[in-house]
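Okay, so here's the structure we're looking at.
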There are 2 protein chains.
Amino acid sequence: MAATIKDIAKETGLGLATISSYLNGGNVREKNRIKIEEAIEKLDFEVNEVARGLKTNRTKMIGIILPELNNIFFAEIITELEDVLRGQGYAAMICDCRTDEKREEEAIDFLKRRRVDGMIIIPTGKSGRGLQEVMDAGKPIVMIDRRIRNVRCDTVLVDNRGAAEDAIRRLLDRGHRKIGMIAGAEDVYTAEERFQGYCRALEAAGIPAEDSLIVRGDYTIRGGSRGIKELAKRNPDMTAVFISNYEMTLGAMIELNELGVRIPEEMSVIGFDNIEFAKACIPRLSIVTQPTKELGRRAAELMLKRLEEKERTEFETVRLATRFVEGRSVCCCPDGERGL
Amino acid sequence: MAATIKDIAKETGLGLATISSYLNGGNVREKNRIKIEEAIEKLDFEVNEVARGLKTNRTKMIGIILPELNNIFFAEIITELEDVLRGQGYAAMICDCRTDEKREEEAIDFLKRRRVDGMIIIPTGKSGRGLQEVMDAGKPIVMIDRRIRNVRCDTVLVDNRGAAEDAIRRLLDRGHRKIGMIAGAEDVYTAEERFQGYCRALEAAGIPAEDSLIVRGDYTIRGGSRGIKELAKRNPDMTAVFISNYEMTLGAMIELNELGVRIPEEMSVIGFDNIEFAKACIPRLSIVTQPTKELGRRAAELMLKRLEEKERTEFETVRLATRFVEGRSVCCCPDGERGL
DNA sequence: ATGAAAGCGCTAACAA
DNA sequence: TTGTTAGCGCTTTCAT
């Protein structure tokens with residue numbers, strides 16, 4: 001059995017409170033400090049954080065709920081998040097809900113029972129069921145990447161609309177007019193924002209958005225390959241395509257590869273996320289990248305701030321900028337007349 | 001404040017033990033069961049797992065230590081792991097140690113203080129310092145992917161040597177004789193096994209392994225691109241290359257892309273891991289893939305089995321087979337005489 | 001600065 | 001089956 005502070009007390013002849021005080025950085029007489037440290041060393045004592053958590057009602061655990069861990073975009077965010085949190089002594093209890101709303105709700109309950117001090121969530125569902133109660137119980141929530149209407153809390157987002165707008169504008173500048181988009185599902189926050197950016201850029205250029213140039217994928221590899229096939233079939237005159245997340249970009253590249261479409265001669269492409277993948281493509285892919293590390297860091301910092309604050313202050317929403325990384329997958333299309 | 005079983009007892013007029021018995025699946029009179037359920041509903045009671053953990057000395061938390069979460073190979077393993085564990089009510093406390101031995105040791109301490117019921121680790125360090133003590137304290141440990149000599153515990157590995165041997169044999173069968181390898185660092189368990197497979201296959205074919213055809217990367221993208229550059233420079237007559245992990249494969253592809261080397265006409269390539277990436281390559285890459293899901297699942301199952309067992313049984317070592325996925329990145333080289 | 005004692009929410013004997 | 005009681009390891013008044 002592991003040693004307890006009782007054992008340390010007995011070993012040193014001191015009282016429990018003194019040991020506790022020492023452990024929590026209180027003032028202890030030099031002489032006793034040494035005695036305690038020797039006893040700790042000798043008995044191989046380690047604070048029992050479970051007991052401490054029960055007593056203080058603070059477990060120093062943060063629940064993290066996300067759609068899927070085996071997704072490089074989310075994994076990068078969580079990596080940074082966990083790093084910052086643990087640096088402050090907080091443990092990350094991670095729940096992957098497999099992009100399933102029901103599982104997401106279960107995860108929230110699971111974490112409530114475990115009495116985490118707060119939750120950081122990259123939402124899957126749209127309802128946010130269960131979250132408001134967590135907030136009401138005084139446990140802070142920080143949301144990343146997607147927003148949910150009913151839940152008021154700190155949020156860290158990306159400027160999705162601006163990112164898409166910028167990408168499309170670059171295609172327009174190179175003379176493209178028939179620009180396809182592989183968008184995400186309508187009920188996904190980021191997907192909708194990116195889609196709006198696409199529309200807005202075209203609108204600003206006086207080009208009506210055509211239904212045939214838009215397909216809805218579902219942020220999966222399969223969705224990307226289906227999407228590009230569909231677009232190509234429907235639009236022989238399409239000269240460029242904008243793909244709005246990494247998995248779909250990967251799927252589209254696989255399919256373009258399969259179809260033998262030459263990039264950028266036959267088709268200009270702008271993808272999303274994962275710069276390493278983009279560099280490995282032939283030719284190098286132009287992409288929009290998101291600041292994953294910063295998303296994670298800012299979310300962790302917002303959480304830590306909430307955990308320290310005495311009284312609740314205004315909720316913050318941080319919106320981070322994306323970056324465009326130029327590859328060689330976009331060519332000029334002066335007459336807007338090439339295509340497949 | 002959240003309701004406690006005391007509140008439920010007061011509300012129902014029953015004793016604490018009855019409530020506890022109900023919560024733990026004991027026998028409770030039908031009438032009382034209903035009363036309790038109503039009270040739980042009314043007071044919005046949820047078991048406090050922290051208190052339960054303190055009392056039972058079982059937190060139902062499993063510590064998971066890994067080199068890096070933002071690595072698709074590890075992320076896939078952890079995803080499956082967490083899924084299986086949570087399905088049995090266990091929480092995954094994940095610690096990313098950034099491939100840093102010191103951080104790995106800190107993570108072990110961190111998890112000990114938190115009194116996790118067991119640890120699953122994908123080791124970074126070679127010493128396994130701190131792990132044996134965990135075992136001695138009666139907490140099971142399961143190791144994944146890499147083995148550590150001093151620590152005796154359940155282990156789930158991949159047949160790395162066989163995988164490399166098979167890959168090289170395929171190249172030999174197609175007539176290649178000058179086969180390069182981008183290996184990992186010598187002190188990395190999997191890297192060494194894969195390297196041995198390479199040597200063994202050549203040996204079986206009566207071809208001496210040449211130093212100039214072997215470079216040591218460090219399992220990073222950068223290591224891969226440097227590796228292929230070095231190999232190409234040193235061996236103008238090299239006709240094929242085997243790259244022994246995903247990151248280095250990615251790096252090598254980026255560099256080959258940069259150098260304008262045509263695959264497979266000028267260079268046959270066999271990579272490692274990440275089938276999606278392989279499919280997106282032009283031409284599709286032939287690769288060795290590892291059974292990530294099964295690695296995670298088996299590890300979780302071994303852990304659960306240990307947690308249930310009354311007395312300690314023999315440690316198990318599971319070794320899983322890899323799979324070769326044929327692409328179009330290997331060509332025939334009948335005379336062994338082409339190359340760059 | 002230190003000690004004594006109460007109690008966080010739960011489980012597990014033991015009695016009834 | 002149910003109630004009473006002790007105690008898991010810690011923190012935290014309140015005295016001293």
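Below, chains carry the letters A, B, ... as their sequence lines are ordered, and counting in each starts from 1. Hydrogens, waters and symmetry mates are skipped; everything else that's a heavy atom, side chains included, is used.
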ask   = Under a 4.0 Å N-O cut-off, is there an ion pair linking B/K35 with B/E38?
value = no
ask   = Between B/R103 and A/D83, does at least one N-O distance fall below 4.0 Å, as a salt bridge requires?
value = yes
Just how far, in rounded Å, is [atom2] of [N] from [atom1] of [X]?
{"X": "B/L54", "N": "D/dA6", "atom1": "CG", "atom2": "P", "value": "18 Å"}
{"X": "B/R113", "N": "D/dC10", "atom1": "CZ", "atom2": "P", "value": "13 Å"}
{"X": "A/N57", "N": "D/dC10", "atom1": "CG", "atom2": "P", "value": "17 Å"}
{"X": "B/R115", "N": "D/dG9", "atom1": "CZ", "atom2": "P", "value": "9 Å"}
{"X": "B/K10", "N": "D/dG3", "atom1": "NZ", "atom2": "P", "value": "15 Å"}
{"X": "B/I40", "N": "C/dC10", "atom1": "CD1", "atom2": "C1'", "value": "14 Å"}
{"X": "A/R58", "N": "D/dG9", "atom1": "CZ", "atom2": "C1'", "value": "18 Å"}
{"X": "A/Y22", "N": "D/dC10", "atom1": "OH", "atom2": "C1'", "value": "17 Å"}

key: Option among A/K305, A/R306, A/R298 that satisfies the salt bridge (Lys or Arg N to Asp or Glu O under 4.0 Å) test with A/D154   = A/R306
ask   = With a cut-off of 6.0 Å (strictly less than), are more than 12 heavy atoms of other residues, nucleotides or ligands near CD of A/E41?
value = no
A/R319, CZ atom: more than 12 neighbouring heavy atoms under 6.0 Å = yes
Scan nucleotides 11-15 of chain C against the protein and return all N/O pairs shorter than 3.5 Å with their distances rounded to 0.1 Å.
unit_1 : atom_1 : unit_2 : atom_2 : d
C/dT11 : OP1    : B/N24  : ND2    : 3.3
C/dT11 : OP1    : B/R52  : NE     : 2.6
C/dT11 : OP1    : B/R52  : NH2    : 3.1
C/dT11 : OP2    : B/S20  : OG     : 3.0
C/dT11 : O2     : B/K55  : NZ     : 3.2

task = Mind checking side chain to side chain donor-acceptor pair (under 3.5 Å) for A/R129 and listing every partner two or more places apart, or none if nothing turns up?
result = A/E105
inquiry  = Checking A/T220 now: which residues fulfil side chain to side chain donor-acceptor pair (under 3.5 Å) with it, not counting sequence neighbours?
reply    = A/D218
ask   = If you look at every strand shown and take non-hydrogen atoms under 4.0 Å, does A/V50 touch a base, only sugar-phosphate, or nothing?
value = nothing
task = Establish, with yes or no, whether the OP1 or OP2 oxygen of D/dG3 is under 4.0 angstrom from a side-chain nitrogen or oxygen of B/T18.
result = yes
task = Verify the contact: side-chain N or O of A/N27 to OP1 or OP2 of C/dA1, cut-off strictly under 4.0 Å; return yes or no.
result = yes
